[in-house]
Amino acid sequence: MSELYIYNSYTRQKEKFEPITPGHVGLYVCGPTVSGESHLGHARPYVTFDVVNRYLQHLGYKVRYVRNITDAGHFEEEGREAEDKVGKKALLEKLEPMELVHKYTSLFHWAMNRFNCIEPSIEPTATGHIIEQISMIEDIIAKGYAYEVNGSVYFDVKKYAASHDYGKLSGRVLDDLLETTRQLDGQDEKRDKADFALWKKAAPEHIMRWKSPWGVGFPGWHIECSAMSSKYLGERFDIHGGGMDLQFPHHESEIAQSTIAHGCAPVNYWMHNNMITINGKKMGKSYNNVIKLTELFSGDHPILEQAYHPMVIRFNILQSHYRSTLDFSNESLQASEKALKRLWEAYEALKGLTAPTGQEAGDAALDQKIRQAVAECADFMNDDLNTAKVLANLFDLAPVINSMKGGIIGTDAISAETFSLLSNAFKVYLEDIMGLQALQQANDEKLEAVMELVIQMRKEARNRKDFEASDKIRNMLASAGIMLKDEKGGEMSYTIQ
RNA sequence: GGUACCGUGGCCGAGAGGUUAGGCAGAGCUCUGCAAAAGCUUGUACAGCGGUUCGAAUCCGUUCGGUACCUCCA
């Protein structure tokens with residue numbers, strides 16, 4: 001079996017994954033800022049890294065998955081007044097900041113749940129780690145890489161860059177950063193344009209504020225991840241994930257802070273997912289093209305032609321590689337919906353098949369083909385999580401399964417062992433690793449009993465060639481959203497729309 | 001302006017120096033009381049122009065187009 005290789009943004013190449021502590025993996029992913037509702041763009045990293053988490057566990061690693069909640073709120077835009085993002089919105093909505101934070105955190109959890117994302121092992125909040133952040137800042141000041149001005153503390157990037165590889169992660173050259181023509185406010189406080197805030201003095205109207213050695217203020221955005229990741233995963237840990245847009249300045253700053261504070265680079269493997277675009281443009285507030293997750297699930301948005309099930313979105317995300325941009329469209333999602341249904345029905349059919357008992361395959365070529373397709377899935381996952389290819393292979397197997405179900409191919413065409421490999425592959429890849437679920441949740445027993453009765457009645461009608469009655473049953477069910485299908489051999493199955 | 005990345009058949013989307021990705025849609029056939037599924041068959045794709053090579057969609061150069069980051073951002 002092949003070994004896991006992941007693309008490390010830091011070195012810009014695929015590298016063999018080797019954990020720091022054998023058998024264990026420390027995984028940190030930048031979580032959401034809970035000052036507003038999550039949108040489609042947010043779905044991508046959390047689904048992507050859910051699969052990373054699931055896959056590592058599948059490989060037998062014990063994973064500590066830490067994903068933060070940014071609830072402290074940092075400055076809106078440096079070009080304007082430094083203001084607390086969370087605090088500002090709260091005033092508009094006449095809510096307490098923590099009330100707002102609570103609301104959007106709950107909504108985020110609800111959405112993650114709908115996406116069938118496994119909960120992180122630890123979900124630390126920025127407001128819950130002010131002390132850790134302050135002490136880390138103190139440490140950086142003590143080491144001479146940060147300075148205080150008027151109650152704010154800035155990281156001295158130039159000094160850091162003199163002896164460290166600043167900009168390597170994001171492929172940036174410090175001189176270029178210094179040349180940026182952008183005129184930013186509050187720059188006069190900084191010694192250098194490239195410096196970033198570790199702690200900001202709070203303006204009087206700033207709601208979220210904490211006491212610190214430098215006066216009342218709030219932490220800079222980047223410091224929270226450094227403080228919390230080192231607290232829970234150690235000063236050096238295995239994987240840090242997040243969206244590509246966080247590479248600079250967020251992750252670059254994290255590296256600089258942590259390197260000074262802890263004397264070593266914080267992360268072995270940096271993983272970044274690409275953006276979701278809509279009509280070719282990144283989805284984001286500033287582009288005014290945001291589709292919230294609640295809108296996506298309900299279909300309540302001018303762009304949306306219909307509601308999309310969370311699993312359809314998850315599947316759609318998994319059909320592309322996480323490092324490629326993914327363009328949203330109704331057409332694409334609708335195609336995914338049909339595809340997922342088809343694949344899932346094949347999976348259900350597979351579960352219903354009677355396993356062959358023979359050691360020998362009736363059709364050696366087919367048997368070999370299945371074994372190869374299944375074996376390749378592991379290689380695809382190991383090749384930087386290529387879920388798209390895994391799905392393609394499973395799709396290749398769907399006709400085989402459907403043919404077995406329809407009796408076109410006997411199950412004895414393949415050996416008992418191959419059948420078991422096949423069954424296992426569908427379960428492991430679809431459910432365990434990709435975290436997919438049936439579009440329709442398990443029906444309740446009473447409905448099932450009623451359906452059994454209806455099916456029985458329709459069978460009887462068909463047996464006496466009373467097609468008027470049998471069609472009526474099917475049509476009425478259809479208008480109630482239940483699709484009845486006649487299977488080969490007189491059996492019937494149904495799906496709920 | 002700086003720095004990256006991308007441009008694949010009607011649409012989405014993998015791949016990557018020589019062999020069908022896959023999905024959706026379309027066409028034909030089979031099965032079926034009908035329907036829906038399902039099965040089989042089918043598709044002269046890799047932005048343009050040069051170059052390297054026995055061979056390039058895949059490497060190099062260049063042109064055009066697009067995107068992202070440089071500022072909060074998943």
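Values reported hereafter were calculated over all heavy atoms of this structure, with side chains retained and with hydrogens, waters and symmetry mates removed. Keep in mind it's a predicted model, so treat the numbers as computed, not measured. So you know, we letter chains A, B, ... as the sequences are listed, proteins then strands, and number each from 1.
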Please check: side-chain N/O of A:D71 versus main-chain N/O of A:T33, any donor-acceptor pairing under 3.5 Å?
no
Mark up nucleotides 21-29 of chain B, 5' to 3', with B wherever a protein heavy atom is under 4.0 angstrom from a base atom, S wherever such an atom reaches only the sugar-phosphate, and - elsewhere.
BSSSS----
Rounded to whole angstrom units, what separation is found between the CG atom of A:L326 and the P atom of B:C11?
17 Å
A:Q372 CD to B:U19 C1', in whole Å, measures 13 Å
Report yes if at least one side-chain N or O of A:N273 is closer than 4.0 Å to OP1 or OP2 of B:A74; otherwise report no.
no
Roughly, in whole Å, what's the span from NZ in A:K193 to C1' in B:U71?
13 Å
Of all the nucleotides listed (B:A74, B:A14, B:G39), which has the minimum atom distance to the side chain of A:S320?
B:A14
Taking the side chain of A:K485 as heavy atoms from C-beta outward, which of B:A36, B:U71, B:A74 is closest to it?
B:A36
At under 4.0 Å, does any side-chain N or O of A:Y322 touch on OP1 or OP2 of B:G13?
no
What nucleic acid atoms does A:F108 come within less than 4.0 Å of, heavy atoms only: base, sugar-phosphate, or nothing?
nothing
For B:A74, does either OP1 or OP2 sit under 4.0 Å from a side-chain N or O belonging to A:T33?
yes
According to a strict under-4.0 Å criterion, is A:N386 in side-chain N/O contact with OP1 or OP2 of B:G15?
yes
If you check every side-chain atom of A:D486, which of B:A35, B:A14, B:C70 has the closest atom?
B:A35
If you check the A:R172 side chain, which of B:G2, B:G39, B:A74 turns out closest?
B:G2
For RNA chain B, determine which residues of residues 114-124 of chain A have any heavy atom closer than 4.0 angstrom to one of its atoms, and list them numerically.
none
C1' atom, B:C5 versus B:A47: distance in rounded Å?
16 Å
Do the side-chain N or O atoms of A:K281 get closer than 4.0 angstrom to the phosphate oxygens (OP1, OP2) of B:G66?
no
Over how many whole Å does the gap from A:D327 atom CG to B:A14 atom P extend?
11 Å
Please give, in whole Å, the distance from B:A68 P to A:M283 CE?
12 Å
Distance between the C1' atoms of B:C49 and B:A14, in whole angstroms?
27 Å
Hey, can you tell me if A:F426 and A:Y347 have their rings parallel, tilted or perpendicular (30° and 60° cut-offs)?
parallel
Among B:C34, B:A14, B:C69, which nucleotide has an atom closest to any side-chain atom of A:R458?
B:C34
C1' atom, B:C31 versus B:A37: distance in rounded Å?
11 Å
Integer angstrom distance from the C1' of B:G17 to that of B:A56
6 Å
A:E376 has an atom CD; how far is it from atom P of B:G15, in whole Å?
14 Å
Quickly work out the A:F380 CZ to B:G13 C1' distance and round it to whole Å.
15 Å
